[in-house]
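By convention in this document, chain letters (A, B, ...) are assigned in the order of the sequence lines, proteins followed by strands, and residues within each chain are numbered from 1.
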There are 2 protein chains.
Amino acid sequence: MSEKLRQHIEEIIKLTDEEFEYVLSHFTYRRFLKNQYVIQNGDYAKYDYFVLNGLLKSWQIDEKGKSHIVLFATENWWISDPQAYHNQSNAILNVDCLEDSETLSISLENREKLCAEMRKMEYFFRKKTTAGYVASQKRILSLISYNAKQRYEYLIQQYPGLLQRVPKSLIASYLGISRETLSRLTSQRP
Amino acid sequence: MSEKLRQHIEEIIKLTDEEFEYVLSHFTYRRFLKNQYVIQNGDYAKYDYFVLNGLLKSWQIDEKGKSHIVLFATENWWISDPQAYHNQSNAILNVDCLEDSETLSISLENREKLCAEMRKMEYFFRKKTTAGYVASQKRILSLISYNAKQRYEYLIQQYPGLLQRVPKSLIASYLGISRETLSRLTSQRP
DNA sequence: CTCATTATGTGACAATTGTCCTTTGTCTTG
DNA sequence: CAAGACAAAGGACAATTGTCACATAATGAG
């Protein structure tokens, strides 16, 4: 099971068996059930979660009570409240499970410990964070330049099979439009 | 002048004079005039620019010909096309100057060279990228959860004095609304 | 200083999207 | 098997926002 984490890391740097065992010892395995909360708004966001399998989402409620999905996370994605995690502050986001899920989580202390002790892991986390930053920039571009239909197409390309796994009301919540508007978009025959 | 870069780096790690001189030797000083392009869509985005003074913006044109501003960069900000820079591909964004500006730029090769040679600089860039990632997440949250009025208030808080430096049509372009809608928002007396 | 250009505000109208409601079908659970 | 919960589509109407047109103010070049 932890092989998935190893493969994920080795896309960037190669590790010996001993090194990987040491890295792995800094992670905690945790299993969540469908609908279970991983992080709740206001909690201390202690961990960043690497998803082994299942499906999770991070989201926020606005002042009018509407929820907005920031991210869907499937196998090999990371999920947390990044702001709260890196600043060691209380979570603004919620993270919960759309399906039963298995994760490997790492605290910020352990992440910094690994970076300080292993040059390879500092390189890995630097590269991984850079990739996350670039992906965030793409998301920002899609939010400011694309209309809802284009964002929908980008979503189904980015998450193949997601439509079969989640209700369309959640897709609409990710896109920032109402369920009804999404329904109108997808029923158009262009 | 390069003292600004030193102060910026030393918010995260302390450097000796020799170390800073060595770091600085990997940057290139460059001056730009108002309206001059720093990066053009389709160009090879070789550099990441640290802004010493002036005001720049990064932006994109959508398929209908409307432009959307991604970022305003003033003193002590970094600006580039992150996706193109980190993936060594052609720019999707444009970067140009709203005022005469001075910058210190670093190529990806020199950045990686510094990271490989100086542990402190790898730490610096890791922390800086993490901060950029967190800031991007905040921008995503503001785009999906806030209405135009709230985004406007967040913008003037994030860039104090910007309203006095740029036309409102550019503010509207950053917020993703029309010039007229922005005008109506700001003339409301609530 | 003058003239042209740009920036800004506002009204009228169109287009888009949200909200509310009903209907239908599917799935879950006792 | 039946009842309730949930998901989805579509109609009617309201609210928001964009577009176009025009007037005025501010700015900049020669």
Side-chain angles (χ1 to χ4, degrees), chain A residues 33-36 55 57 59-69 72 96-100 142-156 159 161-190, chain B residues 33-36 54-55 57 59-69 72 96-101 142-156 159 161-190:
Chain A
L33 297 175
K34 181 174 174 174
N35 295 325
Q36 192 175 356
L55 179 58
K57 64 173 160 54
W59 51 284
Q60 190 185 34
I61 292 197
D62 70 19
E63 58 184 13
K64 289 184 182 170
K66 278 205 230 167
S67 59
H68 303 270
I69 294 174
F72 292 108
D96 65 2
C97 296
L98 296 167
E99 301 174 358
D100 293 355
S142 82
L143 284 168
I144 65 182
S145 294
Y146 294 172
N147 61 34
K149 179 143 207 175
Q150 290 169 316
R151 294 206 303 280
Y152 176 76
E153 280 152 14
Y154 179 59
L155 175 70
I156 58 182
Y159 295 93
L162 188 70
L163 287 184
Q164 285 72 50
R165 292 168 81 179
V166 305
K168 295 201 175 171
S169 54
L170 293 183
I171 303 286
S173 165
Y174 178 92
L175 298 174
I177 57 180
S178 71
R179 199 172 53 74
E180 290 90 340
T181 300
L182 175 61
S183 172
R184 287 172 195 136
L185 284 180
T186 54
S187 63
Q188 278 173 25
R189 293 273 144 257
Chain B
L33 296 176
K34 181 172 176 175
N35 295 324
Q36 191 176 356
L55 179 57
K57 65 173 160 49
W59 52 284
Q60 191 184 33
I61 290 197
D62 71 18
E63 57 184 13
K64 289 185 182 168
K66 276 203 233 168
S67 60
H68 302 269
I69 294 174
F72 293 106
D96 64 2
C97 298
L98 296 167
E99 302 172 357
D100 294 354
S101 304
S142 81
L143 285 168
I144 67 183
S145 294
Y146 294 172
N147 61 33
K149 179 142 206 176
Q150 291 168 315
R151 293 206 304 280
Y152 175 76
E153 279 152 15
Y154 179 58
L155 174 69
I156 58 181
Y159 297 93
L162 189 69
L163 286 185
Q164 284 73 50
R165 292 169 80 178
V166 304
K168 295 203 173 169
S169 55
L170 294 183
I171 303 286
S173 165
Y174 179 93
L175 297 175
I177 58 181
S178 70
R179 192 176 60 74
E180 291 90 341
T181 300
L182 175 61
S183 171
R184 283 167 197 138
L185 282 181
T186 54
S187 64
Q188 276 172 27
R189 292 269 145 259

Could you state the atom-to-atom distance from [atom1] of [X] to [atom2] of [N] in whole Å?
X        : N      : atom1 : atom2 : answer
A:Arg184 : D:dA8  : CZ    : P     : 16 Å
B:Gln164 : D:dA26 : CD    : P     : 15 Å
B:Asn35  : D:dT27 : CG    : P     : 17 Å
A:Glu180 : D:dG10 : CD    : P     : 12 Å
A:Leu185 : D:dA9  : CG    : C1'   : 14 Å

Euclidean distance, [Y] [atom2] relative to [X] [atom1], rounded to 0.5 Å:
X        : Y        : atom1 : atom2 : result
A:Phe72  : A:Arg165 : CZ    : CZ    : 10.5 Å
A:Asn35  : A:Glu99  : CG    : CD    : 11.0 Å
B:Thr186 : B:Glu153 : OG1   : CD    : 11.0 Å
A:Leu163 : A:Lys168 : CG    : NZ    : 6.5 Å
B:Ile177 : B:Lys149 : CD1   : NZ    : 10.5 Å
A:Arg151 : A:Ser145 : CZ    : OG    : 10.5 Å

Closest non-hydrogen atom pair, [X] against [Y]:
X        : Y       : result
A:Cys97  : A:Leu33 : CB-O, 3.4 Å
A:Ile69  : A:Trp59 : CA-CB, 3.9 Å
B:Ser173 : B:His68 : OG-CA, 3.7 Å

(message) For chain A and DNA chain C, what are the first and last nucleotides along the strand, 5' to 3', with at least one atom under 4.0 angstrom from a heavy atom of the protein chain?
(response)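 Range of nucleotides touched by chain A: C:dT17 to C:dC21.
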
(request) Please test A:Leu98 against A:Leu170 for side chain to side chain contact (heavy atoms under 4.5 Å, CB included), starting from the C-alpha separation and ending with a verdict. (result) CA-CA 10 Å; A:Leu98 296 167; A:Leu170 293 183; 3.5 Å; yes

(message) Categorize A:Lys66 for me: base, sugar-phosphate, or nothing, with a 4.0 angstrom heavy-atom threshold over every strand shown.
(response)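 Sugar-phosphate: the residue A:Lys66, judged by heavy atoms under 4.0 Å, touches backbone atoms but no base.
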
(message) With nearest nucleotide decided by heavy atoms, which residue, A:Arg179 or B:Asn147, maps closer to the 5′ end of DNA chain D?
(response)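 The residue whose closest nucleotide sits nearer the 5' end is A:Arg179.
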
(message) Looking at B:Ser178, I'd like to know whether one of its side-chain N or O atoms comes within less than 4.0 Å of OP1 or OP2 on D:dT19.
(response)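 No, B:Ser178 has no side-chain N/O under 4.0 Å of OP1/OP2 on D:dT19.
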
(request) May I ask you to evaluate whether B:Thr181 reaches the phosphate of D:dG18, defined as a side-chain N or O under 4.0 Å from OP1 or OP2? (result)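 Answer is yes, contact under 4.0 Å.
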
(message) Can you give me the bend angle of the helix from C:dC1-D:dG30 to C:dG30-D:dC1? Use the axis through the first five pairs and the one through the last five, nearest 10 degrees.
(response)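 Roughly 50°, once rounded to the nearest ten degrees.
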
(request) Kindly state which residues belonging to residues 169-177 of chain A come within less than 4.0 angstrom of DNA chain D, counting heavy atoms of the residue only, listed by number. (result)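 Residues of residues 169-177 of chain A that come under 4.0 Å of DNA chain D are, in numerical order, A:Ser169.
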
(message) Check this for me: A:Tyr159, atom OH, are more than 12 non-hydrogen atoms of other residues, nucleotides or ligands nearer than 6.0 Å?
(response)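 Atom OH in A:Tyr159 is crowded, with more than 12 foreign heavy atoms closer than 6.0 Å.
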
